[in-house]
A.B. asks: 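Take this structure first; my questions come after.
All residue numbers refer to positions in the sequence shown, counting from 1. Every value quoted in this text rests on a predicted model; they were computed, and no experiment measured them.
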Amino acid sequence: MPGIIIVGAGQAAASLAAKLRALGYSGDLALIGDEPVPPYQRPPLSKGYLLGEMPLDRLALRAPAFWADQGVTLHLGAPVTAIDPAAKTVTYGTQTLPYNQLALTTGARPRRLPPALGGDLAGVFAVRNLADVDAMAPLFRPGARLLIVGGGYIGLEAAAVAAKLGLSVTLIEAAPRILGRVASAETANWFRALHQGHGVTIREGTGLDRLLGDTHVTGALLADGTEIPADFVILGIGVLPETALAEAAGLTTLNGIAVDAEGRTSDPAIWAAGDCASFPLPGDASGARLRLESVGNAIDMAECVAANMLGAAQAYVPKPWFWSDQYDVKLQIAGLNTGHDRVITRPGTGNGISFWYYAGDTLLAVDAANDPRAYMIGKRLIEAGRSPAPTAIADPATDLKALL
């Protein structure tokens, strides 16, 4: 009898499969991934794994025996090429499998430069999967010249690893400042100073005209006419949700695979979760949708979808959280800062600091750098819908715990 098939083999896929079994689903369960390895953690790729501090076996999300013990069939190294909603089948490689319910956890793919701008030159990398990082790792040699295009978290994390390993690092950002889409100017200023203190050259408001080189990248021509030499290049210019399969199958897509509050797509037998899925913004009557790119969302949404595939009928309510490791700094983020009109800066202990985002008197989000106490308290306040007075947050004498 056809069972449940999960397309994708990342964090959301692993969480969804594990939750289905934990909730008592005993039918056939298969997971299909295009990479040749079982589900693994992606965030450490640009941090501990690239630094050589985390071996390959520690990347695994589950012990090798887990999948067999739980009766999850893994089909790896063969991407799904087609979904037939009418026949309820998926095709991968030369195989066609039937399903009763299907879950799409296809994730996102990195934006790349077109060939006309040098995007097809050897030595130009994105940071998304194990193969990407394994290919670039041998180039991380002391003294090598690395150009990073993009000043978001992926670019900054790569810069931190490269600087720690003794490379000469230049990062360019076309927008007026780094972290322009995701963080306040206050947070960006703090991280800019951190990177400059480690010898990274950051050029903001500087666009890329094209990469240079015949077959292998040798440098870059910037929009202002400057040429920068480079032995290799890392692109950190964002990601796009993987929607091609869904679109070909006739599913509705809106900044991702569009799902309802329970995670169901426009086909009632097909669900989606994680980076690839956009869902209704809870409590918003305008029809606004949200798509989150984070481990936290991948886990929480996948577990909610697993329950709903078994009939729970629960609306997904996200509790956004994120993190980034750079040098000896752990940045922890709670909430979403969209719509903030002011930022309160609060010094922590040691080199810790936190940035609290408000819209009027409503607390929206917290960025905490080496300040886990501020992060945890801020997260609890946001999830409880409580907003301390901004003056209280700004006062170093305020006991944050008392605000709970």
A.B. asks: The criterion is salt bridge (charged side-chain N to carboxylate O under 4.0 Å, His left out); which residues satisfy it with Glu247, sequence neighbours excluded?
C.D. replies: none
A.B. asks: Would you say Val80 and Leu245 make side-chain contact, with heavy atoms under 4.5 Å?
C.D. replies: yes
A.B. asks: For Ser46 and Glu157, which I'm curious about, is there any donor-acceptor pair between the side chains at under 3.5 Å?
C.D. replies: yes
A.B. asks: Taking side-chain contact (heavy atoms from CB on, under 4.5 Å) as the criterion, tell me which of Leu251, Leu104, Ile5, Asp267 meets it with Ile83.
C.D. replies: Leu104
A.B. asks: Looking only at heavy atoms, which two atoms of Pro268 and Trp271 are closest? And how far apart?
C.D. replies: O-NE1, 4.1 Å
A.B. asks: Could I get the full list of salt bridge (charged side-chain N to carboxylate O under 4.0 Å, His left out) partners for Asp224, not counting sequence neighbours?
C.D. replies: Arg203
A.B. asks: If we ignore hydrogens and angles and just use 3.5 Å, is the side chain of Ser387 paired with the main-chain N or O of Leu363 as donor and acceptor?
C.D. replies: yes
A.B. asks: Rounded at 0.5 Å granularity, tell me how far CG in Asn351 sits from CG in Leu194.
C.D. replies: 9.0 Å
A.B. asks: In Å, rounded to the nearest 0.5 Å, how long is the span from CG of Leu76 to CD1 of Ile32?
C.D. replies: 10.0 Å
A.B. asks: His198 and Tyr327: ring pair (Phe, Tyr, Trp, His ring centres under 6.0 Å), yes or no, with the steps?
C.D. replies: CA-CA 9 Å; His198 283 83; Tyr327 307 105; 3.6 Å; yes
A.B. asks: A side-chain contact here means heavy atoms from C-beta on lying under 4.5 Å apart; do Ile257 and Pro241 qualify?
C.D. replies: no
A.B. asks: Answer yes or no: is there a donor N or O on one side and an acceptor on the other, between the side chain of Asp341 and the main chain of Gly360, under 3.5 Å?
C.D. replies: yes
A.B. asks: Please, which pairs that meet salt bridge (Lys or Arg N to Asp or Glu O under 4.0 Å) have at least one residue in residues 86-111, sequence neighbours excluded?
C.D. replies: Arg109-Glu242
A.B. asks: How would you list, by chain and number, every residue that makes a side chain to side chain contact (heavy atoms under 4.5 Å, CB included) with Leu56, sequence neighbours excluded?
C.D. replies: Tyr49, Leu59, Leu130
A.B. asks: Could you check whether any side-chain heavy atom of Ser354 comes within less than 4.5 Å of a side-chain heavy atom of Trp356, counting everything from C-beta outward?
C.D. replies: yes
A.B. asks: Taking Thr105 for its side chain and Val7 for its backbone only, find out whether a donor-acceptor pair lies under 3.5 Å.
C.D. replies: yes
A.B. asks: First locate atom CD of Gln196, then atom CZ of Phe191, and finally report the distance between them rounded to the nearest 0.5 Å.
C.D. replies: 13.5 Å
A.B. asks: With a 3.5 Å cut-off and no angle check, do the side chains of Thr91 and Gln95 form a donor-acceptor pair?
C.D. replies: no
A.B. asks: Apply side chain to side chain donor-acceptor pair (under 3.5 Å) to Tyr92 and list each qualifying residue two or more places apart in sequence or on a separate chain.
C.D. replies: His75
A.B. asks: Test of understanding: with side chain to side chain contact (heavy atoms under 4.5 Å, CB included), list the residues that count as partners of Leu121, not counting sequence neighbours.
C.D. replies: Val124, Leu211, Val217
A.B. asks: Does any N or O in the side chain of Asn100 come within less than 3.5 Å of the main-chain N or O of Ile4, such that one atom is a donor and the other an acceptor?
C.D. replies: no
A.B. asks: Is the shortest heavy-atom distance from the side chain of Val233 to the side chain of Phe125 under 4.5 Å?
C.D. replies: no
A.B. asks: Of all the heavy-atom pairs spanning Val200 and Ala163, show the shortest one and how long it is.
C.D. replies: CG2-CB, 3.9 Å
A.B. asks: Is there any side chain to side chain donor-acceptor pair (under 3.5 Å) pair reaching into residues 288-302, and which pairs are they, with sequence neighbours excluded?
C.D. replies: Asn255-Arg291, Ser278-Arg289, Arg291-Glu293, Asn297-Tyr316
A.B. asks: Going from CG on Asp84 to OH on Tyr99, what distance comes out if it is rounded to the nearest 0.5 angstrom?
C.D. replies: 7.5 Å
A.B. asks: Would you say Ser184 and Tyr357 are linked by a side-chain donor-acceptor pair, where the criterion is simply a distance under 3.5 Å?
C.D. replies: yes
A.B. asks: Keeping Asn308 on the side-chain end and Glu262 on the backbone end, is there a donor-acceptor pair under 3.5 Å?
C.D. replies: yes
A.B. asks: Nearest heavy-atom pair of Asn370 and Val329: which atoms, and what distance?
C.D. replies: OD1-CA, 3.3 Å
A.B. asks: Taking all atoms of both residues into account, what is the closest heavy-atom pair of Ser266 and Gly250, and its distance?
C.D. replies: OG-O, 4.3 Å
A.B. asks: Are any of the side-chain heavy atoms of Thr265 and Leu102 separated by less than 4.5 Å?
C.D. replies: no
A.B. asks: Would you name the heavy atoms of Ala126 and Arg112 that are closest together and state the gap between them?
C.D. replies: CB-NH1, 3.6 Å
A.B. asks: Please assess Leu45 against Tyr40 for the test side-chain contact (heavy atoms from CB on, under 4.5 Å), listing each intermediate value before the final yes or no.
C.D. replies: CA-CA 10 Å; Leu45 290 177; Tyr40 61 88; 3.9 Å; yes
A.B. asks: If I compare all heavy atoms of Val127 with all of Ile234, which pair ends up nearest, and what's the gap?
C.D. replies: CG2-CG2, 3.7 Å
A.B. asks: For Glu204 and Thr206, does a side-chain donor sit closer than 3.5 Å to a side-chain acceptor?
C.D. replies: no
A.B. asks: Could you note down all residue pairs passing side chain to side chain donor-acceptor pair (under 3.5 Å) where residues 140-153 supplies at least one of them, sequence neighbours left out?
C.D. replies: Arg145-Asp231
A.B. asks: Using salt bridge (charged side-chain N to carboxylate O under 4.0 Å, His left out) as the criterion, list what pairs up with Arg21, not counting sequence neighbours.
C.D. replies: none
A.B. asks: Looking only at side-chain N and O atoms, does Gln332 offer a donor or acceptor that is under 3.5 Å from a partner on Trp321?
C.D. replies: no
A.B. asks: Counting N and O atoms only, with roles assigned by atom type, does the side chain of Asn337 sit under 3.5 Å from a partner on the main chain of Val182, one being a donor and the other an acceptor?
C.D. replies: yes
A.B. asks: What residues, two or more places apart in sequence or in another chain, satisfy salt bridge (charged side-chain N to carboxylate O under 4.0 Å, His left out) together with Glu35?
C.D. replies: Arg42
A.B. asks: Quick check: do Arg210 and Leu212 have side-chain heavy atoms less than 4.5 Å from each other?
C.D. replies: yes
A.B. asks: Quick one: does any side-chain atom of Arg346 pair with a main-chain N or O of Asp395 as donor and acceptor, under 3.5 Å?
C.D. replies: yes
A.B. asks: Once rounded to the nearest 0.5 Å, what's the spacing between atom OG of Ser15 and atom CD1 of Ile6?
C.D. replies: 9.5 Å
A.B. asks: Roughly how far, to the nearest 0.5 Å, is CD1 of Ile353 from CZ of Phe355?
C.D. replies: 4.0 Å
A.B. asks: Would you check if Leu290 and Leu336 make a side-chain contact, meaning some heavy-atom pair closer than 4.5 Å?
C.D. replies: yes
A.B. asks: If you draw a 6.0 Å radius around CZ in Arg342, do more than 12 non-hydrogen atoms from other residues or ligands fall strictly inside?
C.D. replies: yes
A.B. asks: Do Arg177 side-chain atoms and Leu179 backbone N/O form a donor-acceptor pair below 3.5 Å?
C.D. replies: yes
A.B. asks: With the side chain counted from C-beta on, respond yes when Ile237 and Leu113 share a heavy-atom pair under 4.5 Å apart, and no when they do not.
C.D. replies: yes
A.B. asks: Is it the case that the side chain of Arg128 and the backbone of Ala108 share a donor-acceptor pair, with hydrogens and angles ignored and the cut-off at 3.5 Å?
C.D. replies: yes
A.B. asks: How far apart are the C-alpha atoms of Glu383 and Lys379, what are their side-chain angles, what is the distance that settles it, and do they pass the salt bridge (charged side-chain N to carboxylate O under 4.0 Å, His left out) test?
C.D. replies: CA-CA 6 Å; Glu383 291 176 359; Lys379 187 173 189 291; 2.5 Å; yes
A.B. asks: Hey, does the side chain of Arg386 reach the backbone of Leu404 with a donor-acceptor pair shorter than 3.5 angstrom?
C.D. replies: yes
A.B. asks: Go through the structure and list residues passing side chain to side chain contact (heavy atoms under 4.5 Å, CB included) with Pro55, not counting sequence neighbours.
C.D. replies: Asp57, Arg58
A.B. asks: Partners of Thr349 by side chain to side chain contact (heavy atoms under 4.5 Å, CB included), sequence neighbours excluded?
C.D. replies: none
